[in-house]
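All values derive from a computational prediction rather than experimental measurement.
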Amino acid sequence: MAIPEQFIEELIARSDVADVVGEYVHLTPKGGNMWGLCPFHTEKTPSFSVSRDKQIYKCFGCGKGGGVINFIMEMEHLSYPDAIRHLAKRLGMEVPETAGNGEGRKKYQRAVEANKEAARFYHDYMKSPGGEAVRAYIAQRRISPKFATRFGLGAAPGEWDALTKALTAKGFSKMELIDAGLAVGGKNGGIYDKFRSRLMLPVIDVRGDVVGFTSRILPGLDGAKYLNSPDTACFKKSQLIYALNLAKSTKRPNLILVEGNIDVITLHQAGFDNVVATMGTALTADHARILSRYTKELVLCYDNDEAGKKSTDRVLSILKNADLSVRVLQLPNAYDAEGKPLKQDPDDFIKKFGPAAFEKCLNGSAGQNDYRIDALLQKADLSNDDGRMEFLRSAVETVGSLQSPIEREIYGNKAAQAAGITPAAFAQEVERWRKGQFRQARRKEQRQSLIPTSTRQPKSRELRYENIRSGLAEEGVLRLVLLDPALFAKVDLEPEEFSSQLLGKTFRILKDRHDRGLSVQLPALAGELSAEEMSHLVEVQSQPQSLGHASQALEDYIKTIKGEAAQRGAKPQSEEALLALRKRQREKTMEDGQ
């Protein structure tokens with residue numbers, strides 16, 4: 001039975017390695033990671049590290065390492081598929097295994113059919129006398145009947161089982177309605193509707209299938225303000241983007257990402273048919289990959305309050321390695337009669353100022369670097385020297401981290417002008433900061449280079465490098481593409497040029513996954529690598545590697561690999577000769593030990 005890769009990626013994304021490991025090991029935060037006593041060998045001093053950033057664990061005592069699936073395989077002594085099932089059960093997820101009889105596909109199709117029928121039921125009910133309260137709310141939000149129909153808006157009745165009765169009458173079983181996320185099982189074996197007394201917004205995937213719902217409680221009623229379908233065979237929040245089925249056909253040159261579903265509808269109604277939103281969840285790397293398939297420029301337009309600004313900063317950090325150009329549309333501040341700032345979202349803005357004003361803001365949206373400098377300026381007090389120095393320290397770090405010299409000059413000049421100093425002085429400070437970063441990276445690499453070559457070899461003899469110089473360069477290539485998958489475009493190498501069979505195989509797997517738009521993080525490779533292989537690759541990833549001069553480092557690594565490969569090609573050795581050489585080396589080692 002095959003388990004879809006998309007499901008495995010979502011499972012890994014939802015199974016935070018620190019949370020899972022924390023159920024077995026007492027972890028304490030220290031130096032950016034979590035530390036505890038290794039569960040795989042006896043120790044008194046913690047040497048077991050868990051990295052939330054990389055979603056990996058590593059024991060510096062016994063050497064074991066991997067991702068969340070590897071951990072469960074080791075701890076529970078399970079096979080790869082059984083470890084996936086174990087994690088899925090922990091999260092209440094059902095594994096969509098593709099059996100030969102097509103049972104998984106049938107279940108998916110029935111869930112889609114049930115959601116489609118539910119969308120019709122909710123839409124029809126909205127038009128009935130019972131839907132008056134929802135119609136009033138839609139009118140209050142100034143959504144026209146045309147766009148209410150375009151987005152398939154509906155109303156969920158207040159009764160406990162109105163939908164379940166209607167759909168069981170159409171031939172759906174109780175379990176099918178639960179599996180589709182439309183019903184919830186009761187204590188006595190019965191079921192009741194998941195959604196009641198709500199505005200219903202169908203979620204339609206890019207193929208045009210209704211796969212689930214998002215909903216809003218009506219004003220004055222108790223309950224969660226927004227409620228989504230649970231994850232089902234067809235509804236995966238981490239892989240769904242609201243209104244992408246409509247926005248993918250836009251003639252505009254970009255997509256606009258907002259926070260709320262009502263914002264999406266209001267902006268589409270105002271003529272901006274390129275607006276989308278995530279499904280009530282934070283933007284993930286998976287969302288970024290999906291969006292990059294449909295646009296080359298993404299405009300972020302979050303609420304203009306402090307929470308919205310924090311969300312923007314967080315999303316920018318996620319999108320920094322995405323294959324997207326990113327801009328930020330900051331809505332102007334609004335104030336009440338007393339001059340106090342008011343929260344303003346896209347829906348509010350359109351209703352107060354109209355489409356033309358939003359279009360003007362869109363045209364003036366800032367690139368992500370402009371946004372970062374502007375954000376620093378908004379926080380800074382430039383009226384005194386202390387405030388200017390604080391701003392300059394932050395601006396130097398922000399500009400210094402840019403890889404392009406042209407970008408550093410443009411945004412350096414902007415920061416210098418704002419602080420009232422010369423561009424030359426600012427550029428000098430940026431170069432000083434960059435040299436300091438480079439020296440730190442070099443010191444780390446030099447400390448690493450002092451480690452005896454024997455300790456740089458894989459612990460498993462079967463994985464030892466025949467060519468240590470090439471092997472270390474091959475490790476460097478893997479570290480860089482794991483840190484920044486965009487660097488794959490600059491790697492002019494074939495797996496056959498790697499001297500290490502393991503590193504060449506890993507490069508091939510990662511490159512293939514990158515080309516297919518799948519995750520290229522180590523935890524996703526659990527099904528293709530042995531425990532020993534994964535442990536060594538975690539060791540490789542744990543070595544210091546800076547992205548500050550990534551292009552130059554990558555070029556040096558590739559040059560070393562190709563040079564060593566050329567030498568191997570000039571003096572080819574047969575497999576028999578290599579075996580004989582290894583035998584002589586073993587014999588010499590034994591003689592030396594006598």
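- Inter-residue side-chain proximity for Tyr57 and Asn70 is flagged as met; some heavy-atom pair is nearer than 4.5 Å.
- Counting heavy atoms from C-beta outward, Tyr411 and Thr398 have side chains that stay 4.5 Å or more apart.
- Among the candidates Leu480, Leu510, Val520, the single residue satisfying the side chain to side chain contact (heavy atoms under 4.5 Å, CB included) test with Pro485 is Val520.
- In this structure, the side chain to side chain donor-acceptor pair (under 3.5 Å) partners of Arg432, at least two apart in sequence or on a different chain, are Glu429.
- Under a cut-off of 6.0 angstrom, the local environment of CD in Gln501 is sparse, with at most 12 non-hydrogen atoms contributed by other residues, nucleotides or ligands.
- A donor-acceptor contact shorter than 3.5 Å is absent between the side chain of Glu431 and the backbone of Lys435.
- Contact record, Tyr108 with Ala233: CD1-O, 3.3 Å, taken as the closest heavy-atom pair.
- Two residues are said to be in side-chain contact when any heavy atoms from C-beta on lie closer than 4.5 Å; Val477 and Ile561 meet this criterion.
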After noting the C-alpha distance and the side-chain angles of Asp19 and Arg52, does the key distance pass the salt bridge (Lys or Arg N to Asp or Glu O under 4.0 Å) rule? CA-CA 9 Å; Asp19 292 341; Arg52 267 205 162 101; 2.8 Å; yes
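- The minimum heavy-atom distance linking Trp35 with Lys30 is given by the pair NE1-O, 3.2 Å.
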Apply side-chain contact (heavy atoms from CB on, under 4.5 Å) to the pair Lys58 and Phe60, showing each step before the final yes or no.
CA-CA 6 Å; Lys58 169 71 180 173; Phe60 292 91; 3.9 Å; yes
Worksheet item: Where do Val50 and Phe48 land on the side-chain contact (heavy atoms from CB on, under 4.5 Å) test, with the steps shown first?
Response: CA-CA 7 Å; Val50 179; Phe48 184 81; 3.7 Å; yes
- [ ] Check the pair Arg14, Glu10 against salt bridge (Lys or Arg N to Asp or Glu O under 4.0 Å), reporting the backbone distance first and the verdict last.
- [x] CA-CA 6 Å; Arg14 292 178 60 184; Glu10 182 187 359; 3.6 Å; yes
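- Considering every non-hydrogen atom in both Ile56 and Val17, the closest pair reads N-CG1, 3.9 Å.
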Review point. Step by step, would you call Tyr465 with Glu475 a side-chain hydrogen bond (donor to acceptor under 3.5 Å, both in side chains)?
Key: CA-CA 11 Å; Tyr465 301 154; Glu475 288 185 358; 2.7 Å; yes
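- To the nearest 0.5 Å, the span separating CD on Glu94 from NZ on Lys89 amounts to 12.5 Å.
- Side-chain contact, Ser229 with Lys194: no donor N or O sits under 3.5 Å from an acceptor N or O.
- Look at Glu23 and Arg90 and you find a salt bridge, because one of the NZ, NE, NH1 or NH2 atoms lies within 4.0 Å of a carboxylate O, short of that distance.
- The CG atom of Leu298 sits 5.5 Å away from the CG atom of Leu291 when rounded to the nearest 0.5 Å.
- Taking OG of Ser49 as the reference point, atom CE of Met34 lies at 10.0 Å (rounded to 0.5 Å).
- To the nearest 0.5 angstrom, Ile12 atom CD1 is 9.0 Å from Leu525 atom CG.
- A salt bridge is absent between Asp179 and Arg110: the closest approach of a Lys/Arg side-chain nitrogen to an acidic carboxylate oxygen does not fall below 4.0 angstrom.
- The line from CZ of Phe507 to CG of Leu493 is 5.5 Å long, rounded to the nearest 0.5 Å.
- Listed here is the closest heavy atom pair of Ala83 and Met73: CB-CG, 3.5 Å.
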Show, in sequence, the C-alpha distance, side-chain angles and deciding distance for Thr278 and Glu259, and conclude whether the side-chain contact (heavy atoms from CB on, under 4.5 Å) test is met. CA-CA 7 Å; Thr278 51; Glu259 292 184 88; over 6 Å; no
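- Using a 4.5 Å heavy-atom cutoff, the side chains of Tyr294 and Ile241 are not in contact.
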* Go through Glu539 and Ser535 one step at a time and tell me if the side-chain hydrogen bond (donor to acceptor under 3.5 Å, both in side chains) criterion holds. => CA-CA 6 Å; Glu539 173 69 27; Ser535 292; over 6 Å; no
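- With hydrogens and angles disregarded, a donor-acceptor distance shorter than 3.5 Å links the side chain of Arg434 to the backbone of Gly400.
- Looking at Ile3 and Leu11, their side chains never come closer than 4.5 Å, going by heavy atoms from C-beta outward.
- Side chains of Glu564 and Thr560: a donor-acceptor N/O pair is absent below 3.5 angstrom, by distance only.
- To the nearest 0.5 angstrom, Gln543 atom CD is 9.5 Å from Leu472 atom CG.
- Using modelled atom types, no side-chain atom of Asp209 and backbone atom of Val211 make a donor-acceptor pair closer than 3.5 Å.
- Lys54 places a side-chain N or O within donor-acceptor distance of the main-chain N or O of Gln541, the cut-off being under 3.5 Å.
- Under the 4.5 Å side-chain criterion, counting only non-hydrogen atoms from C-beta, Val328 is in contact with Leu316.
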- Message: Pair Phe235, Asn115 - check side-chain contact (heavy atoms from CB on, under 4.5 Å), show working.
- Response: CA-CA 10 Å; Phe235 187 85; Asn115 277 291; over 6 Å; no
Discussion item. Working note: Arg516 + Asp512, criterion salt bridge (Lys or Arg N to Asp or Glu O under 4.0 Å); need CA distance, chi angles, decisive distance, verdict.
Written reply: CA-CA 6 Å; Arg516 291 190 290 142; Asp512 177 65; 3.2 Å; yes
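- Side-chain N/O atoms of Ser470 and Glu474 include a donor and acceptor closer than 3.5 Å.
- Asp82 is listed as a side-chain neighbour of Arg85, based on a closest heavy-atom distance under 4.5 Å.
- For the residue pair Glu528 and Glu533, the shortest heavy atom distance occurs at O-OE1, 4.4 Å.
- Residues Lys562 and Asp492 come closest through the heavy atom pair CE-O, 3.0 Å.
- Between Asp16 and Gln55 there is a side-chain heavy-atom pair separated by less than 4.5 Å.
- Remark: Lys511 engages Asp515 in a side chain to side chain donor-acceptor pair (under 3.5 Å) (not counting sequence neighbours).
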message: Between Glu176 and Lys107, is the salt bridge (Lys or Arg N to Asp or Glu O under 4.0 Å) condition met? List the steps.
response: CA-CA 8 Å; Glu176 284 177 331; Lys107 188 173 183 178; over 6 Å; no
